[in-house]
Visitor: 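One structure coming up, written as structure tokens, with questions to follow.
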Amino acid sequence: MQLPHQDVEELTVAELLVDLASGARTSTQMVRAYLARMDAIDGGLDLRSVIVRNPDAERIAAARDRERLDGRLRGPLHGVPILLKDNIDTVGAMGTTAGSLALVDSAPAEDATVTDRLTAAGAIVIGKTNLSEWANFRSRGSSSGWSAVGGACRNPYVLDRNPSGSSSGSGAAVAANLAMVAIGTETDGSIICPSTVNGIVGIKPTVGLTSRAGVVPISHTQDTIGPMARTVADAAAILGPMTGVDSRDPATEASAGNHHTDYTAFLDHDGLRGARIGVARQLCDEVGAPTAAILERIVSRLPELGATVVDPVDFPSFEEFQSSTAELDVLRCEFKTDLGRYLATRIGGPKSLAEVIAFNEENRDRELRWFGQEQLVASEATGGVDDPEYKAAHRAARRISRDEGLDAVLDTHRLDAIIAPSGGPAEPTDLASGERFRGGSSSYAAMAGYPLITVPMGSVAGLPVGLTFMGRAWAEPTLIAVACGFEHHLGGRIVPTFQPTLDRDNPSA
């Protein structure tokens, strides 16, 4: 398939910065190239990964080019085009909708902190990505990647497959080379899952490493903002400028002394040497035999790269983890309170979860055509963070995920990281019946507020699957090092070919 500007395919941040410094490329050329690819892929192939483009992108790019010629660089990302998930606030023409028609006619009063920090570092926001509406916290029967504003995002490897959620557009756009990097958000799996099925790297940071101020929330104890890119190096390059204490988000106070402005310093092609890696077999059962076989090959090779493998490592809380409702109870209570506080900052539009629910009912033909809003209704029925059951659920979630979960395993076995498949390959999209989800390993770290990195490890019938590295709080430097070593020696990134459907005549399928 002949696509425009193939010269930008798989181009890395580091390579672009070298080209910009030498004059071999300009930011204006890059922005035009990505916009042309959006025309061909998002439009022509109906990928629907970008929900809105920045009408000022070319003007901003030209300004960054002039600044570079004058020797005035804003920061380490000067002139680098990026995409933001459309639940991250941007003032002006792009707005922020979280995929919901309820927010189309309102506007954020100011940019999100991460928007400010990335643009201060010189990045150019060229658009906002599609997402699972309300970050996939609307219905348990939803189809990931669908929003009333953006429609159904598709998977660039096989177009009738699901891109997973909720940062679906960010994953699909980066995989399709519509930008080098996009920013996603995660409460539980929303960076990791779309990264794995779209064949890219995703970093879900420790809660508090990056500010959530100006981001449409679900949970102040689990929400975090992170980069999605094609390489560990690109994700690390974007992460540093996003970090730091922010007076608008009290959770970032804990990052003082624990954050770095340059995570590329931890990139290491030999990063597995000397590392102790645990294999979380309890998180491997649902990913399917082909994905499990890829994991086995990888585990067998880790000692060759200098790693000590502890296999298996078991979570003491695993049985309770599987049956507990603590995480969902916490999310519903926090969503009601946190969303109300966020909506109060916007100009116009609904000011409470109850008003969002009412809007959806009044616009059933557009908002509730494919699935309902049970999660919104259940959240509204709680007492928010003042609910009598909230604190007990929060304590239980932290005990299960930390004391008897990640901390217990990491400490007992003196591990640098725990690995598990990020999930199985992408399933067919089914708007009417909702998605089928084949495994995942994000929930322990989500509940704990701890970091994860997923890296492509191979493919099943041409559909990518990833390997997740998980660690303790603020362990991003360690995880970046081991993930970089894995990517260099064993990584399995493949370039998408936009097949309309899976080739059933292919024996590997």
Side-chain angles (χ1 to χ4, degrees), residues 38 41-43 45-52 83-88 95-104 127-176 178 182 184-198 216 218 228 335 356-357 359-361 363-377 379 423 425-438 440 463 498 500-501:
M38 288 178 197
I41 296 172
D42 248 23
L45 294 177
D46 200 28
L47 189 65
R48 285 179 268 182
S49 65
V50 178
I51 213 165
V52 63
L83 290 163
L84 300 179
K85 184 177 178 180
D86 194 36
N87 61 348
I88 300 172
T96 302
T97 70
S100 171
L101 296 172
L103 299 187
V104 167
K128 309 284 289 291
T129 57
N130 200 0
L131 68 160
S132 305
E133 187 173 316
W134 294 112
N136 226 6
F137 203 69
R138 203 190 88 178
S139 170
R140 304 199 82 170
S142 68
S143 177
S144 287
W146 182 90
S147 71
V149 175
C153 180
R154 307 208 286 173
N155 189 300
Y157 290 87
V158 179
L159 292 169
D160 66 2
R161 296 275 164 154
N162 197 271
S164 194
S166 68
S167 304
S168 44
S170 294
V174 169
L178 304 187
T185 70
E186 175 155 336
T187 305
D188 187 342
S190 290
I191 288 174
I192 299 302
C193 293
S195 292
T196 185
V197 303
N198 288 288
V216 182
I218 293 175
M228 301 168 69
F335 183 58
V356 171
I357 293 169
F359 176 92
N360 290 342
E361 289 293 345
N363 295 272
R364 291 188 67 86
D365 57 332
R366 296 185 295 166
E367 278 288 356
L368 304 180
R369 176 185 178 189
W370 296 113
F371 48 88
Q373 54 177 342
E374 309 89 66
Q375 292 285 31
L376 303 189
V377 173
S379 298
E427 295 284 351
T429 294
D430 187 342
L431 289 172
S433 301
E435 67 184 286
R436 289 173 290 172
F437 183 66
R438 188 179 290 180
L463 295 166
F498 308 96
T501 191

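Note that the coordinates shown come from a computational prediction; the quantities given were computed from them, not determined experimentally.
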Visitor: Looking only at side-chain N and O atoms, does S167 offer a donor or acceptor that is under 3.5 Å from a partner on K85?
Guide: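 There is such a pair (donor and acceptor under 3.5 Å, judged by atom type) between the side chains of K85 and S167.
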
Visitor: Is the shortest heavy-atom distance from the side chain of R161 to the side chain of P428 under 4.5 Å?
Guide: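 Side chain of R161 against side chain of P428, heavy atoms only: contact under 4.5 Å found.
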
Visitor: For the residue pair L83 and M38, establish whether any side-chain heavy-atom pair is separated by less than 4.5 Å.
Guide: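 Touching, per the 4.5 Å side-chain cut-off.
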
Visitor: Using a strict cut-off of less than 4.0 Å between a Lys/Arg side-chain nitrogen and an Asp/Glu carboxylate oxygen, indicate whether E367 and R364 qualify as a salt bridge.
Guide: no

Visitor: Is there side-chain contact between T429 and R154, with heavy atoms separated by less than 4.5 Å?
Guide: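 Side-chain contact under 4.5 Å: no.
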
Visitor: As an exercise, state the distance from CD1 of I192 to CE of M228, rounded to the nearest 0.5 Å.
Guide: 8.5 Å

Visitor: Between F137 and L376, which heavy-atom pair has the shortest distance, and what is it?
Guide: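 Scanning both residues, the minimum pair turns out to be O-CD2, 3.3 Å.
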
Visitor: Between OG of S142 and CD of E374, what distance do you get to the nearest 0.5 Å?
Guide: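 The distance works out to 9.0 Å.
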
Visitor: Out of curiosity, L47 CG to L159 CG, how far, rounded to the nearest 0.5 Å?
Guide: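 L47 CG to L159 CG: 6.5 Å, rounded to 0.5 Å.
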
Visitor: Output, in order, the C-alpha distance, side-chain angles, deciding distance and verdict of side-chain contact (heavy atoms from CB on, under 4.5 Å) for T129 and L84.
Guide: CA-CA 6 Å; T129 57; L84 300 179; over 6 Å; no

Visitor: Are V216 and W134 side-chain neighbours, meaning at least one heavy-atom pair lies under 4.5 Å?
Guide: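 With C-beta onward as the side chain, the pair touches.
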
Visitor: Looking only at atom types and distance, does a side-chain atom of D42 sit under 3.5 Å from a main-chain N or O of V50, one as donor and one as acceptor?
Guide: yes

Visitor: Regarding S190 and S166, do their side chains bring together a donor and an acceptor under 3.5 Å, going by distance alone?
Guide: yes

Visitor: Verify the distance criterion only: is there a donor paired with an acceptor across the side chains of S144 and S168 at less than 3.5 Å?
Guide: no

Visitor: Working to the nearest 0.5 Å, report the span between CZ of R366 and CG of N360.
Guide: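 Here the rounded value is 10.5 Å.
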
Visitor: Are the side chain of T96 and the backbone N or O of N87 linked by a donor-acceptor pair below 3.5 Å?
Guide: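 Here the side-chain-to-backbone pair does not exist.
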
Visitor: Would E133 and F371 count as a side-chain contact (heavy atoms from CB on, under 4.5 Å) here? Give the steps.
Guide: CA-CA 11 Å; E133 187 173 316; F371 48 88; 5.8 Å; no

Visitor: Using only atom types and a distance under 3.5 Å, with no angle test, would you say the side chain of D86 pairs donor to acceptor with the backbone of T97?
Guide: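 Indeed, once roles are kept as given, a pair shorter than 3.5 Å links the two residues.
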
Visitor: Determine yes or no for a side-chain-to-main-chain donor-acceptor pair under 3.5 angstrom, with S379 supplying the side chain and Q375 the backbone.
Guide: yes

Visitor: Measure the spacing between CD of Q373 and CG of L368 and express it to the nearest 0.5 Å.
Guide: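 Rounded to the nearest 0.5 Å, the CD-CG separation comes to 5.0 Å.
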
Visitor: To check you understand the geometry: which heavy-atom pair defines the closest contact between A102 and F359, and what is its length?
Guide: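 A102 and F359 have their closest heavy atoms at N-CE2, 3.3 Å.
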
Visitor: Do L101 and N363 touch side chain to side chain, with heavy atoms closer than 4.5 Å?
Guide: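 They are not in contact (no side-chain heavy atoms under 4.5 Å apart), so the answer is no.
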
Visitor: Are V174 and N198 close enough that some pair of their side-chain heavy atoms sits under 4.5 Å apart?
Guide: no

Visitor: Checking the side chain of D160 only, and the main-chain atoms of T501 only, is there a donor and an acceptor separated by less than 3.5 Å?
Guide: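 No.
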
Visitor: Roughly how far apart are L131 CG and S49 OG, rounded to 0.5 Å?
Guide: 12.0 Å

Visitor: Which heavy-atom pair separates G145 from S132 by the least distance, and what is that distance?
Guide: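 Looking at all heavy atoms of both residues, the shortest contact is N-OG, 2.8 Å.
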
Visitor: So which heavy atom on G165 is nearest to which on P194, and how close?
Guide: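 Closest approach of G165 to P194: O-CD, 3.4 Å.
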
Visitor: Quick check: do V197 and N162 have side-chain heavy atoms less than 4.5 Å from each other?
Guide: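 No, too far: nothing below the 4.5 Å cut-off.
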
